[in-house]
Each structure stands twice: as C-alpha cells, then as structure tokens.
Visitor: 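Can you read through this structure? Questions will come right after.
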Amino acid sequence: MREKLEEIRAEAERVIAKATDLNVLEEARVKFLGRKGMVTDVLRGLGQLSAELRPVIGQAANEIKTAISNALDERKTALESETSEQRAESDRVDLSLPGRRPRPGHLHLTPTVSNEICDIFRELGFQIATGPDVETEYYNFDSLNTPSDHPARDSHDTFFVKPGVVLRTHTSPVQMRVMEKTQPPVAVVVPGRVYRVDYDASHSPMFFQVEGLLVDKNVTFADLKGTLIAFVHRFFGSDVKLRFRPHFFPFTEPSAEVDISCTVCAGKGCRVCKNSGWLEILGCGMVHPEVFRYANYDYETYAGYAFGMGVERIAMLRHAISSISHLYENDLRFLEQF
Ligand code: DAH
C-alpha cells in the first residue's frame with residue numbers, strides 16, 4: 001500500500017512538472033485528486049485495512065494528497081506568470097514605428113464647384129441663403145408667377161410629395177422665402193438640391209443649382225450683365241465670351257439665357273457645343289413685378305435681377321465630362337481625378 005502511494009506521488013510529480021499549460025494541469029488534478037482520482041481511490045480503500053494499518057496508511061495518503069495539491073498550486077502560479085509574460089511580449093508596441101497614415105478623402109466635384117461658385121459671389125458682396133428641399137407649390141410655382149395652368153410647369157416635371165407639396169424643381173422658391181424675411185437691399189446666392197422627373201446623359205432626377213437674387217434701388221439689366229460677366233471670367237477664365245439670348249421665365253421680365261464661348265473649342269465649333277461655338281450656362285432676368293407683389297416689395301421703388309444655374313452642368317463644361325451619370329456612379333477612378 002505504501003509503495004503504491006509512493007508510485008502515485010512520483011508519477012504526479014512527473015506529470016505536474018511536465019505540464020505546459022493550465023488545461024494539462026487541470027487534467028492532472030482530476031487524475032490524482034479528483035473524485036475518481038488515484039489518491040481518492042486509496043483513501044476509499046482504507047476501510048478494508050486492519051485497525052493498526054489504517055491510521056498509518058491514512059496519514060501517508062493525506063500527506064501525499066497535500067504534497068500533490070501544493071505541487072499543483074506551485075506549477076499553476078508558475079504557468080500563469082509565464083503566460084502573462086508571453087502576452088506582454090506579443091502585445092509590445094514599438095513606439096519607433098511610423099504611424100498608419102489615414103487616407104484623407106476630399107469633397108465630391110459637385111459640392112466643390114458649388115462652393116467655388118458661391119465663393120465668387122460672396123466676394124462680390126452676396127450672402128448665402130438656403131431653403132427646404134420639400135417645398136410647397138406656393139413657393140415653388142405660384143409666388144413665382146407660375147399659376148397652375150402655366151405651360152412652364154410642364155417643363156419642370158415635378159415630383160409630388162402630396163397635393164400642394166413638391167420636391168422643389170429649382171432653387172428659385174428661396175428668392176421668395178428670403179424676400180419675405182428681409183427688406184431691400186438684398187443680395188443672396190442659394191446653393192441646393194433640386195428634383196425633376198428627368199433622366200438621361202445630361203439630366204439627373206436630383207441635381208444642384210445655385211440661385212442668385214439682388215434687389216435694391218436703381219438696379220438695371222446692365223448690373224446683371226456686369227455681375228455675370230465678372231462671375232464667368234473668374235470661373236472660366238477672362239478670355240471666355242458671353243452671349244445674352246432673349247428667353248422666357250415666368251418670374252423675370254425681361255429674361256435671358258446666357259451662353260459662353262465653348263470651353264473646348266473656344267468657339268470654333270466641336271462635338272461638345274454641337275458645332276455652335278456656344279454653351280448655355282444659366283437663366284436670368286429682371287425680377288417680375290408680380291413676384292415683388294407676392295413679396296410685398298414696392299415695385300415702383302425697387303428693382304432686382306435674378307439668375308439660376310445648374311452646378312453639374314457647369315462642372316461638366318469645365319472638365320469636359322460627357323455624362324452627368326459619371327458624377328453619381330461613385331467610381332473612385334473618376335472621382336479621384338478632381
Ligand atoms: N429656375 C430656373 C430653372 O430652374 C433658372 C432661373 C432662370 C432662375 C431665371 C432665375 C432666373 O432666378 O431669373 O430653370
């Protein structure tokens with residue numbers, strides 16, 4: 001019996017010394033000291049021993065049990081500190097390594113061009129104004145002298161949110177929102193999204209416009225021309241020519257569309273300008289007296305001009321981009337060029 005106990009102790013010491021991780025150690029504990037373990041087995045057999053032998057073997061078995069238990073504890077502590085050292089080693093941070101440089105993004109071409117347009121007008125003394133994308137028919141059409149049966153409404157192909165409420169088809173409604181809140185003099189530019197039921201190479205159902213409005217005493221069409229010429233020369237270059245073509249808008253009278261000499265062929269004629277030498281860039285005119293009436297402005301005292309341009313169109317002309325869809329397909333090979 002004694003010999004057997006010594007064998008168990010020797011084996012336990014060997015196994016414990018060899019254990020390289022905590023799981024193996026736990027297996028050893030179960031094997032020797034567990035409920036069905038080898039030492040427990042011996043202790044359970046004590047009853048069959050003679051009365052003299054019983055206390056002797058019992059004491060020896062308990063000693064071995066304590067010894068194995070201590071050996072397990074010691075090994076456990078050693079293994080635990082080893083693993084924390086290993087962890088410290090693998091987690092070590094090399095402070096001398098260069099950092100990971102974040103890949104900086106940049107603004108999309110459309111807002112970049114919109115900002116550039118607004119900045120030029122800001123230098124000319126205009127302030128920035130904005131209005132809601134979801135707009136009432138009153139602001140989008142009626143107050144801009146466009147009654148419900150007006151033919152100009154057709155060309156706008158409007159998205160209706162519910163009766164009387166639309167996704168604005170242009171930034172012009174913000175003219176009225178500004179005039180309602182301010183007395184002249186007024187000089188604002190309005191960047192923003194607009195929406196039309198329209199989709200092809202040059203049209204997107206959502207696109208951006210920049211609107212302009214200036215109201216004061218003694219404002220003339222010459223002021224409008226001077227401002228737009230200054231803008232075009234700053235944006236496209238001072239060698240670009242402008243042409244004011246008579247046009248119709250319900251909210252301006254007289255109205256005009258502005259063409260610039262083709263930025264690709266300088267007016268000689270090419271595919272981009274369809275051999276005309278000219279590219280249309282915006283609509284403009286003198287604010288209609290009826291619009292002033294809606295704004296409660298005295299049209300005997302004040303005069304004003306307004307203009308509106310499509311941001312994507314201007315970006316496309318400047319960079320010779322063939323289709324507006326390039327601006328909305330999120331192809332980084334395209335977008336990263338700007
Ligand atoms: N709102 C017009 C459009 O979307 C553009 C425009 C034309 C704006 C003349 C104006 C203007 O302010 O005076 O087609």
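The chain is numbered in sequence order, starting from 1. Order of appearance sets the numbers: ligands from 1, and atoms from 1 within every ligand. What you are looking at is a predicted structure, and each value in this text was computed from that prediction instead of being measured. Hydrogens, waters and symmetry mates play no part in the numbers below; they use all other heavy atoms, side chains included.
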Visitor: Going by distance only, is there an N or O of Thr169 that falls short of 3.5 Å from an N or O of ligand 1?
Guide: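 No - when backbone and side-chain N and O of Thr169 are compared with those of ligand 1, no distance drops under 3.5 Å.
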
Visitor: So is there a nitrogen or oxygen of Phe251 less than 3.5 Å from a nitrogen or oxygen in ligand 1?
Guide: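 The answer is no, given that Phe251 and ligand 1 share no N or O pair closer than 3.5 Å.
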
Visitor: Taking only non-hydrogen atoms of Arg196, do any sit less than 4.0 angstrom from ligand 1?
Guide: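 A heavy atom of Arg196 does come that close to ligand 1.
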
Visitor: Answer whether the closest heavy-atom distance between the side chains of Trp278 and Cys273 falls below 4.5 Å.
Guide: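 No, every pair of side-chain atoms sits at 4.5 Å or beyond.
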
Visitor: Do the side chain of Asp21 and the main chain of Val24 share a donor and acceptor less than 3.5 angstrom apart?
Guide: yes

Visitor: Could a heavy atom of Met309 be found less than 4.0 Å from some atom of ligand 1?
Guide: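 No, Met309 has no heavy atom closer than 4.0 Å to ligand 1.
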
Visitor: Report, in ascending order of atom number, the atoms of ligand 1 lying under 4.0 Å from any heavy atom of Gly285.
Guide: 13 (O)

Visitor: For ligand 1, which atoms have a heavy atom of Gln209 less than 4.0 angstrom away?
Guide: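 Every atom of ligand 1 under 4.0 Å from some heavy atom of Gln209: 3 (C), 4 (O).
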
Visitor: Pick one of side chain, backbone, both or neither for how Tyr305 approaches ligand 1, counting any non-hydrogen atom pair under 4.0 Å.
Guide: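 It is neither part, as no heavy atom is under 4.0 Å.
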
Visitor: Do Arg196 and His203 come within less than 4.5 Å of each other through their side chains, counting heavy atoms only?
Guide: no

Visitor: Would you say that Tyr302 contacts Pro185 through its side chain, given a criterion of any heavy-atom pair below 4.5 Å between the two side chains?
Guide: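 No. Closest side-chain heavy atoms not under 4.5 Å.
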
Visitor: Output the list of atoms in ligand 1 that are nearer than 4.0 Å to some heavy atom of Gln175, sorted by atom number.
Guide: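 Under 4.0 Å from Gln175, ligand 1 has these atoms: 12 (O).
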
Visitor: As a check for students: among Cys284, Pro173, Gly308, Gly212, identify the option with a heavy atom nearest to atom 8 (C) of ligand 1.
Guide: Gly308

